[in-house]
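Take a look at the structure set out below.
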Amino acid sequence: MSLIDLSGNLLFVAFVAYLIATLLFGGAVKGGSKGESADAGKKWGSLAIIITLVGFIANLGYFITRWVYAGHAPVSNMFEFTTAFGMFVVGAFILIYFIYKVPALGLFALPIAIIIIAYASMFPREVNPLIPALKSYWLYIHVITAAIGESILAISAVAGLIYLLKNIDLTKRSKESFWIEVVMYALILVLGFVAVTTTFNVTGYEAEFSYIDKDGNTKEITYNTPALFGMHQSELLTADKMEPIANVPAIVNAKKLTTVVWSILIGTVLYGIIRLIIRKPIAVIMQPFAKRANSQLMDEIGYRSVLIGFPVFTLGALIFAMIWAQEAWSRFWGWDPKEVWALITWLFYAAFLHLRLSKGWQGKKSAWLAVIGFVIIMFNLVAVNLIIAGLHSYAG
């Protein structure tokens with residue numbers, strides 16, 4: 001077995017372990033109810049964290065073996081970065097779990113990591129030589145630190161989501177119940193992406209197009225999903241394939257925009273099917289798992305996660321990023337889409353801390369901010385990476 005095959009197998013082991021651990025954390029959360037003893041819940045929780053640790057060690061093994069095989073840190077494309085991000089989310093959860101011993105965090109945090117890793121698996125896994133701009137230790141420091149910061153901030157969103165599910169009355173129609181369901185819908189959209197890319201990959205769909213890039217050069221591109229949108233001045237080169245509905249400006253990556261729109265369409269269908277089956281909002285199904293959580297403790301975890309994650313994110317996404325940008329492109333800042341969104345994320349969490357410390361925004365307000373912050377992070381990961389062309393487009 002080659003090193004790269006071992007790496008892939010270790011990632012699969014981690015994925016399965018996280019799935020099993022999620023179910024065990026569910027048993028831990030429900031322990032003590034329906035006649036079970038509190039000790040039963042603790043046993044489920046102990047087994048769950050052991051399986052999580054096994055998965056995390058396998059995940060770390062994937063990261064190290066791929067690093068050794070590639071000769072560089074595996075964070076240079078979307079597959080590598082996203083799998084690393086999922087691993088760091090689990091690592092951040094493990095750290096918080098051993099401090100607070102709250103099984104509900106695992107029940108909600110691990111599915112997020114699972115979805116992130118599943119999302120990563122839809123991107124090409126090949127190990128390619130680095131382009132010149134990526135041959136820098138500052139890249140590794142920048143990306144890994146930023147991902148660790150975002151993963152800690154993700155735990156604040158998990159704690160916030162648990163707080164909201166516990167304290168929002170979902171039996172009544174309100175703005176709060178509507179928006180918490182929107183969060184559930186957004187998670188289903190990611191599953192829609194996985195379903196779309198898997199389906200068309202299995203069928204082997206390919207369509208070649210020529211187009212004009214933003215520098216005026218003629219290039220070719222291969223679509224792996226039926227083209228809803230065409231690249232700038234695109235022409236279909238493959239017979240009997242779908243023509244795009246419309247072409248987009250050169251600044252937009254139409255191939256990835258097509259994938260995103262397909263994901264939204266299929267994700268919406270999946271959401272509708274789930275709602276038809278369960279006949280109630282998804283948030284209502286999840287609420288019982290949050291009912292036994294301590295609201296004050298969830299608020300504290302959410303706040304402290306931001307206190308830790310914000311400075312780490314600041315170092316990785318801004319300071320280290322600017323040092324790398326100066327080395328790679330001879331400028332600290334260039335208003336690239338990814339740079340702009342990193343700044344937006346930073347400003348949001350700075351506002352979060354200001355409102356928390358100066359205005360007393362605790363409880364529901366703080367929980368909503370934590371959830372919105374993670375939505376911003378995921379928008380950066382999904383939409384900005386996939387749709388908008390920029391200096392970071394190599395990551396696609």
Check whether any side-chain heavy atom of [X] sits under 4.5 Å from a side-chain heavy atom of [Y], and report yes or no.
X: L164; Y: W179; result: no
X: Y303; Y: Q362; result: no
X: F289; Y: I162; result: no
X: L228; Y: M242; result: yes
X: P281; Y: S177; result: no
X: S305; Y: I301; result: yes
X: K365; Y: K359; result: no
X: N59; Y: Y18; result: yes

Taking only residues two or more places apart in sequence or in another chain, which ones pass side-chain contact (heavy atoms from CB on, under 4.5 Å) with A207?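 Testing A207 for side-chain contact (heavy atoms from CB on, under 4.5 Å), a comparison that skips the adjacent residues, returns Y205, F209, Y223, L236, K241.
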Between the side chain of [X] and the main-chain N/O of [Y], is any donor-acceptor distance below 3.5 Å?
X: S156; Y: I152; result: no
X: S7; Y: Y62; result: yes
X: W262; Y: P226; result: yes
X: T258; Y: F229; result: yes
X: T198; Y: A195; result: no
X: T52; Y: A48; result: yes
X: W341; Y: I376; result: yes
X: T145; Y: H142; result: no
X: S263; Y: V196; result: no
X: Q287; Y: I168; result: yes

[X] versus [Y], closest heavy-atom pair with distance:
X: V127; Y: A70; result: CG1-CB, 3.4 Å
X: V371; Y: V183; result: CG1-CG2, 3.8 Å
X: I180; Y: A283; result: CG2-CB, 3.9 Å
X: A28; Y: G45; result: CB-N, 3.4 Å
X: I51; Y: A17; result: CG2-O, 3.3 Å
X: A370; Y: A157; result: O-CB, 3.5 Å

Checking L153 against V306 for the side-chain contact (heavy atoms from CB on, under 4.5 Å) test, could you report, in this order, the C-alpha distance in whole Å, the side-chain angles of both residues, the deciding distance, and whether it holds? CA-CA 6 Å; L153 293 171; V306 175; 4.2 Å; yes
Please evaluate residues M87 and F56 with respect to the criterion side-chain contact (heavy atoms from CB on, under 4.5 Å), reporting the C-alpha separation (whole Å), side-chain torsions for both, the decisive distance (0.1 Å), and the verdict. CA-CA 7 Å; M87 179 181 72; F56 183 72; 3.7 Å; yes
Side chains of S76 and Y140, donor plus acceptor under 3.5 Å: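 S76 vs Y140: no donor-acceptor pair found between side chains.
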Any donor-acceptor N or O pair under 3.5 Å, side chains Y271, E181: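 A pair is found: one side chain offers a donor N or O, the other an acceptor, under 3.5 Å apart.
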Working to the nearest 0.5 Å, report the span between [atom1] of [X] and [atom2] of [Y].
X: L353; Y: L307; atom1: CG; atom2: CG; answer: 6.0 Å
X: Y119; Y: L381; atom1: OH; atom2: CG; answer: 5.0 Å
X: N77; Y: E80; atom1: CG; atom2: CD; answer: 4.0 Å
X: F313; Y: E150; atom1: CZ; atom2: CD; answer: 5.5 Å
X: I155; Y: L95; atom1: CD1; atom2: CG; answer: 9.0 Å
X: H72; Y: R66; atom1: NE2; atom2: CZ; answer: 8.0 Å

Is there a path of hydrophobic side-chain contacts, each under 4.5 Å between heavy atoms of I, L, V, M, F, W or Y residues, that connects [X] with [Y]?
X: V248; Y: M231; answer: no
X: I344; Y: I319; answer: yes
X: V102; Y: L53; answer: yes
X: W138; Y: F81; answer: yes
X: L107; Y: L23; answer: no

Proximity of F310 and W346 rings by center, below 6.0 Å: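 Ring centres of W346 and F310 closer than 6.0 Å.
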For the aromatic rings, using the six-membered ring if either is Trp, is the centroid distance between W67 and F63 under 6.0 Å?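 Yes, close enough.
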Describe, in one word, how the ring planes of F93 and Y97 are oriented to each other, choosing from parallel (under 30°), tilted (30 to 60°) and perpendicular (over 60°).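 Ring orientation of F93 relative to Y97: tilted.
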Measure the acute angle between the ring planes of Y349 and F352, then classify it against the limits of 30° and 60° as parallel, tilted or perpendicular.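 Aromatic pair Y349/F352 classed tilted.
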Should the heavy atoms of other residues, nucleotides or ligands under 6.0 Å from [atom1] of [X] be counted, would the total exceed 12?
X: K291; atom1: NZ; value: yes
X: Q296; atom1: CD; value: no
X: Y69; atom1: OH; value: no

For T65, which of L10, N9, I4 qualifies under side-chain contact (heavy atoms from CB on, under 4.5 Å)?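 For T65, the side-chain contact (heavy atoms from CB on, under 4.5 Å) check succeeds only for L10.
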Intermediate values then yes/no, side chain to side chain donor-acceptor pair (under 3.5 Å), N380 and T345: CA-CA 9 Å; N380 187 9; T345 306; 4.8 Å; no
The test is side-chain contact (heavy atoms from CB on, under 4.5 Å); show your working for T218 and I212 and say whether it passes. CA-CA 5 Å; T218 300; I212 307 298; 3.3 Å; yes
Does E208 form a side chain to side chain donor-acceptor pair (under 3.5 Å) with T222? I'd like the steps, not just the answer. CA-CA 5 Å; E208 295 281 344; T222 302; 2.5 Å; yes
List the steps and the verdict of side-chain contact (heavy atoms from CB on, under 4.5 Å) for D169 and S174. CA-CA 9 Å; D169 185 357; S174 65; over 6 Å; no
Counterpart residues, salt bridge (charged side-chain N to carboxylate O under 4.0 Å, His left out), relative to D5 (two or more places apart):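 Counting only residues at least two positions away or on another chain, D5 forms no salt bridge (charged side-chain N to carboxylate O under 4.0 Å, His left out).
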